[in-house]
Amino acid sequence: MNGKHIAKLGLVGADIGLALTAANLREDAGLSSDDILSELAGVQASPASYGEGVYAALAASLLARQAKDELHAQDALRPEPLGYRVWGRELIEPGALAQMNTAMRLPISRVGALMPDAHVGYGLPIGGVLATENAVIPYGVGVDIGCSMRLSVYAAPAASLDTRGAVGLLQKHTRFGAGVGWDRRERLHHDVLDDPAWDAQPLLRHLHDKAVSQLGTSGSGNHFAEFGTFTLPAAQDGLEPGIYLALLTHSGSRGFGAQVAGHFTRLAESLHPQLDPSAKKLAWLDLDTQEGQDYWQAMTLSGEYALANHEQIHGRMAKALGETPALSVSNSHNLAWKQVVGGREYIVHRKGATPAASGQLGLIPGSMADPAYLVRGRGQPDSLESASHGAGRQMGRKAAEKAIAKADWKAYLNERHVTLLGGGIDEAPQAYKRVEEVIAAQTDLVEVLGQFQPQVVRMDAGSEDI
DNA sequence: ATGTGC
């Protein structure tokens, strides 16, 4: 009796050693090689019936291997990605298409689409829309859960707030930077802080204090608060055509949402150890598990928290201006929704994509010095009723710091009479695709209703200073 | 995206 006999049975790895050990004991007990081999075949065929005795260790190892193989089979990627439509393909880098292809190979994926602002992200590309069946992918939503836009249009002429006034308001009523919150005495309350969901999970309870301090702040990266002129060519929601003063903000769920995203993507990865490495960051949570339900609850709360951030920023500003907005629009662009697609309910992930159901209003910003658009969705089915969430990056942050001359950046702002508070060269307009081209690539997804031109922009100071 | 990090 030796390893070759055992290997012939199809045993692999550590199981061979375990089988040999057991075989030696049976040989000592007087059994023939043929008898032992037939016993081993019995263990292989039904390891669950050998919980005790000389074959117990081998049986346990076989069972563990079986479970792992089943997990692997469940998580196996399709050999080929499902088909999906791409808007503005000529504007999209190959890496983003490769990431979308991987996403469309997941066993849980059903329908997908790529928006014209798409670029590479963690897991699902930014600008990716993905419908899955009964499962949610934390990195299909993104790190900044609930990242969103809000526009307030005031029934006041664009010239009624000068640059100096706008700078003062932005400095007084907005807060930027990683880790930054409002001082205790400056904080405002919001009902979102009383949501019972905060008490439903230890993680959420733990993050409540941070959420309290950061409510009504704007964070870092591409987040902004800006005053500008809003041009409305045709009446909308009772607002007459005209050129108005307006406030546009881009903010998310801050440290709270980031910690939720990190926690649940690590959890998802740990639950899918057999997932192909190329799809590691696309690990999902089944919605019929406790983990999936917990993520859904935390994600929903993060989304509401992010919208509350905007409400507070706009509320502070409206009070300071003494104006009530004549038109208010907001939308989340990093979130998952339950949505009926072709008669079936799927989980639709939009990671940097604007919901664009028929008639639904949304906001698509360009850059710190380029126009933002008020749009109305056309409910295009192949896009899963979506549109781009912005212009999309043309180059990464490090590439932008190398490639863009500071003088060119400043000239771009000067030509458009944009005053910038904070803001790094990694967010320069030249780092983004031309938003006009991105809008032109999705005329079948959204109709443009109005245009916002930034004039005084506040962003996080970042690594560079203008 | 975030006062972080396989």
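Convention: sequence-line order gives letters A, B, ...; per-chain numbering from 1.
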Taking A/Lys338 first and then A/Glu345, would you say they form a salt bridge - that is, a charged N and a carboxylate O separated by under 4.0 Å? no
Contact summary for A/Trp337 and A/Ser332, nearest pair of heavy atoms: CH2-O, 3.7 Å
Between the protein and nucleotides 2-6 of chain B, list every N/O to N/O distance that falls short of 3.5 Å.
from	atom 1	to	atom 2	distance (Å)
B/dT2	OP1	A/Arg254	NH1	2.7
B/dT2	OP2	A/Ser220	N	2.6
B/dT2	OP2	A/Ser220	OG	2.2
B/dG3	OP1	A/Lys210	NZ	2.8
B/dG3	OP2	A/Gly179	N	2.5
B/dG3	N7	A/Ala178	O	3.1

Within the pair A/Asn222 and B/dA1, is there a side-chain N or O less than 4.0 Å away from OP1 or OP2? yes
Applying side-chain hydrogen bond (donor to acceptor under 3.5 Å, both in side chains), which residue pairs with at least one partner in residues 357-373 of chain A are found, sequence neighbours left out? A/Ser367-A/Asp370, A/Asp370-A/Tyr412
What distance do A/Glu437 atom CD and A/Leu91 atom CG have between them, rounded to the nearest 0.5 Å? 6.0 Å
Any pair counted as ring pair (Phe, Tyr, Trp, His ring centres under 6.0 Å), so long as it reaches residues 186-207 of chain A, sequence neighbours left out: A/Trp198-A/His208, A/Trp198-A/Phe256
Can you check whether A/His389 and A/His250 have ring centres sitting under 6.0 Å from each other? no
Residues in side chain to side chain donor-acceptor pair (under 3.5 Å) contact with A/Arg378, at least two apart in sequence or another chain: none
For residues 171-178 of chain A, please give each side-chain donor-acceptor pair under 3.5 Å, one per line with the distance, not counting sequence neighbours.
from	atom 1	to	atom 2	distance (Å)
A/Thr174	OG1	A/Leu170	O	2.5
A/Thr174	OG1	A/Arg458	NH1	3.0
A/Arg175	NH1	A/Gln171	O	3.1
A/Arg175	NH2	A/Glu186	OE2	3.3

When you measure from every atom of DNA chain B, which of residues 121-132 of chain A have a heavy atom less than 4.0 Å away? A/Tyr122
